[in-house]
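Residue numbers begin at 1 in each chain, while the letters A, B, ... track the order of the sequences. Worth saying up front: this structure is predicted, and the values here are computed from it rather than measured.
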Amino acid sequence: MADFLTPQNEDFSKWYNEIVQKADLADYSPVRGCMVIKPYGYTLWERIRDELDRRFKATGHVNAYFPLFIPMSFLEKEAEHVEGFSPELAVVTHGGGEELAEPLVVRPTSETIIGYMYAKWVQSYRDLPLLINQWANVVRWELRTRLFLRTTEFLWQEGHTAHATQAEAFEETLRMLSVYTDFAVNEAAIPVLPGRKSESEKFAGAVTSYTIEAMMKDGKALQSATSHFLGQNFAKAFDIKFLDENNAQQFAWTTSWGLSTRMVGAVVMTHGDDQGLVLPPRLAPVQVVIVPIWRKDEERATVLEAARALRQCLQDVCRVHLDDRDTFSAGWKFNDWEMRGVPLRLELGPRDVANGTVMAARRDQPGREGKTLLSLVDLETTVPVLLATIQQAIYQKALAFRDSHIHDVRSYDELKEVVETGFARAWWAGSREDEARIKEETKATIRCIPLDQPGGSGTCVFTGREASEVAIFGRAY
RNA sequence: CGGGGCGUAGCGCAGUUUGGUUAGCGCGCACGGUUUGGGUCCGUGAGGCCGUCGGUUCAAAUCCGACCGCCCCGACCA
C-alpha cells in the first residue's frame with residue numbers, strides 16, 4: 001500500500017529519515033548537523049515538555065534560565081568534565097568585531113556555570129536544597145548527526161540540584177530517574193529499563209550516572225534520559241560551600257538530570273510502522289481527526305454541519321481536528337493522517353449522519369480490524385475511553401516486543417548472537433577494558449546495570465569470575 | 001576523520017559512459033472540469049545559472065581539477 005515510505009524491515013534507517021520529514025516533524029537546516037523542528041514536531045515536543053514540567057513542579061523544582069555562553073575557564077575547573085566535552089565544543093572567539101579576551105563556550109551542558117552561581121547563592125544549610133531546572137538549547141559538535149537522535153544543537157531540560165547531604169543528593173538522583181521512567185511509560189508508552197551506567201558510559205564529571213534505556217523497533221537501544229549523582233565533584237570545583245548546623249564548612253552534594261528532543265526520536269522508533277507514525281494519545285498533537293465524506297454538494301453541507309457539531313462535542317474532552325479541506329479525497333486524508341500518527345480517526349459520511357453513527361478507525365490497528373461503528377450519542381465519554389485503550393494497547397505492544405527481544409545469556413557466544421537483534425542480559429564482573437573489547441568485537445555496549453536485579457550471584461559472561469550483578473548489553477544509537 | 005554513494009524544477013529521478021538543436025519524466029503546484037466510504041481522472045499552464053569556481057573545446061549537465069554540501073557505513077556522543 002504505502003509505497004510512500006520505505007518499509008521498516010527493508011531499511012529501518014531510511015524509514016526513520018523519511019517519516020521524520022514526511023510527517024512534518026523536522027527538516028534539514030542549511031547548517032550542517034542542525035535541524036528545523038516544524039510545527040507538528042514542535043507541538044509533540046511541547047507535549048513532552050509540559051508533561052515533564054508538571055512532574056518537576058510536583059517534586060518541588062522551579063525553573064530558571066542560565067546563559068548560553070560559558071567562559072572557557074569554567075569548563076576546565078573539573079578535570080573529567082573538560083576531558084569529556086572538549087572535543088565537541090563550539091567556541092566563540094570574536095564579539096562585536098573584536099577578539100575576546102577569553103573565549104566563550106556555547107554550553108554543551110550547564111553544570112559549570114550553574115555551579116558558579118550556586119557557589120554565590122549557597123551560604124547556609126538553610127539555603128539547601130536548591131532545586132532548579134532549565135529548559136534550554138545546547139550545542140555539541142557531533143561528527144555524525146541524525147534528526148532528533150543526535151543533532152549539533154538540541155533542546156532539552158537540565159535539572160541541577162544541590163543538597164546538604166550525600167544521602168539526600170543520592171535520593172534526588174533516583175527520584176528524578178523514576179520521574180523519567182514514569183513519563184516514558186505513562187505518557188510516551190515506551191517501556192524502559194532504569195539502571196546504572198557502567199564506568200565507561202557515565203557522564204563526564206559524575207560519580208554515578210543513571211539512565212533509562214529503551215528498545216527501538218530495530219532492536220537497538222536508545223538512552224532516553226539520564227540522571228547523575230555528581231557527589232562533591234562540582235561543589236569542590238566551584239566552591240559550593242555552606243555552614244551546617246554545627247557552624248562547620250561543608251561542600252554541597254549535587255545532581256543533574258536531563259531529557260532531550262531525542263525523546264521524539266524514541267517515540268517515532270518505538271511505535272511507528274510502515275504506514276507512518278503511531279503516536280501515543282497522551283502526547284499526540286492531534287488525538288482525534290474527523291474526516292467528513294460526501295459525494296454531492298447537498299451532502300457536503302449536511303455532513304460538514306454534522307462534522308462541526310461533532311468537533312464541538314469533542315473539543316472539551318480531547319485534542320480534535322476537523323479536516324474540512326475539499327482539495328483532497330477522503331481516502332487521501334486517511335493515509336495522510338495515518339502517516340502523521342493520529343491515534344483515532346472518525347469518518348463521518350452521509351450514511352452516518354442519517355443513522356446517527358460515526359466510523360472510528362484506530363491507528364494502532366491498521367485496516368478493517370481497527371474500525372468500529374460508534375453511536376454519536378455519548379461520544380464525549382466513549383472517545384476518551386477509546387484513547388486510553390489505545391494508549392494502553394501501544395504500550396503493551398511495545399512491551400511485548402521488547403521483552404521478546406531481551407534474552408538471558410550465559411556465554412559470550414550467545415551474547416554476540418543476541419545483540420544482533422536485541423538486548424542480552426548477563427552476569428557481569430568485568431573491567432572497563434573488558435567492556436571496550438566487547439564493544440570492539442560485537443559493537444554492543446553495556447546499556448545499563450538495571451536497578452531491578454535478580455539477586456544472588458552468577459558467573460560473569462566475559463571473565464568467568466563470580467559476579468553479583470547482571471548487565472544489559474545492546475547496540476545503541 | 002577514514003570508506004562508499006549522491007548533488008539536474010518544491011520533491012523523486014532520467015540524461016553524463018560515447019560533448020552537438022529549445023534539458024526531459026513522474027509527483028507536487030496554479031486554473032478549468034470530473035470525482036470523493038482507503039492516496040480519482042482528464043485537459044491547460046507556471047516553474048531550471050544542471051552544487052560552486054576554474055580549465056579543455058568551435059561547442060560542456062556531459063570531459064579534467066579544486067572546493068562546498070548532503071546521505072549511508074565505521075571511530076566519538078544525549
Checklist entry - Atom CG of A/L143 and atom C1' of B/A75: how far apart are they, to the nearest Å? => result 8 Å
Checklist entry - Quantified in whole Å, what is the P atom distance between nucleotide B/G48 and nucleotide B/U17? => result 26 Å
Next on the checklist: Any side-chain N or O of A/N17 below 4.0 angstrom from OP1/OP2 of B/C70?
Outcome noted: no
Checklist entry - Do A/R475 and A/E420 sit within salt-bridge range, that is, some charged N less than 4.0 Å from a carboxylate O? => result yes
Checklist outcome for this item: Per side-chain hydrogen bond (donor to acceptor under 3.5 Å, both in side chains), A/S256 is matched among A/H228, A/E111, A/E158 by A/E111
Next on the checklist: Between A/D336 and A/R340 (salt bridge meaning N to carboxylate O under 4.0 Å), is one present in this structure?
Outcome noted: yes
Item to check | Spacing of the P atoms in B/C11 and B/G65 (rounded, Å) | outcome: 29 Å
Next on the checklist: Under a 4.0 Å threshold between the charged nitrogen and the carboxylate oxygen, would A/E305 count as salt-bridged to A/R308?
Outcome noted: no
Checklist entry - Touch check for A/L149, heavy atoms < 4.0 angstrom, all strands: base, sugar-phosphate only, or nothing? => result base
Next on the checklist: Please confirm whether the shortest side-chain N or O distance from A/R146 to OP1 or OP2 of B/C72 is below 4.0 Å.
Outcome noted: yes
Checklist entry - Charged N to carboxylate O below 4.0 Å: is that the case for A/R300 and A/D326? => result yes
Checklist outcome for this item: Per atom distances to the A/K439 side chain, the nearest of B/C76, B/G74, B/G38 is B/C76
Next on the checklist: Does this structure show an ion pair linking A/R345 with A/E347, if we count only N-O contacts that are shorter than 4.0 Å?
Outcome noted: yes
Checklist entry - So what does A/F154 hit on the nucleic acid, given a heavy-atom distance under 4.0 Å: a base, only sugar-phosphate, or nothing? => result base
Checklist entry - Quick one: which of B/G38, B/C72, B/C76 gets closest to the side chain of A/E338? => result B/G38
Checklist entry - Say you pick atom C1' in B/U22 and the same atom in B/G69; how far apart are they, in whole Å? => result 31 Å
Checklist entry - Touch check for A/T211, heavy atoms < 4.0 angstrom, all strands: base, sugar-phosphate only, or nothing? => result nothing
Item to check | B/A66 and B/C13, which share atom name P, separated by this distance in whole Å | outcome: 26 Å
Item to check | Pairwise P distance, B/C76 and B/C67 [rounded to whole Å] | outcome: 28 Å
Can you name the atoms? Protein N/O to nucleotides 32-37 of chain B N/O, anything below 3.5 Å, with the distance.
{"unit_1": "B/U36", "atom_1": "OP1", "unit_2": "A/R295", "atom_2": "NH1", "d": "3.0"}
{"unit_1": "B/U36", "atom_1": "O2'", "unit_2": "A/W294", "atom_2": "O", "d": "2.9"}
{"unit_1": "B/G37", "atom_1": "O6", "unit_2": "A/P350", "atom_2": "N", "d": "3.3"}
{"unit_1": "B/G37", "atom_1": "O6", "unit_2": "A/R351", "atom_2": "N", "d": "2.9"}
{"unit_1": "B/G37", "atom_1": "N1", "unit_2": "A/D352", "atom_2": "OD2", "d": "2.6"}
{"unit_1": "B/G37", "atom_1": "N2", "unit_2": "A/D352", "atom_2": "OD2", "d": "3.2"}

Checklist entry - Would you call A/E201 and A/R432 a salt bridge, taking side-chain N to carboxylate O under 4.0 Å as the test? => result no
Item to check | Side chain A/R368 and base B/G38 donor-acceptor under 3.5 Å | outcome: no
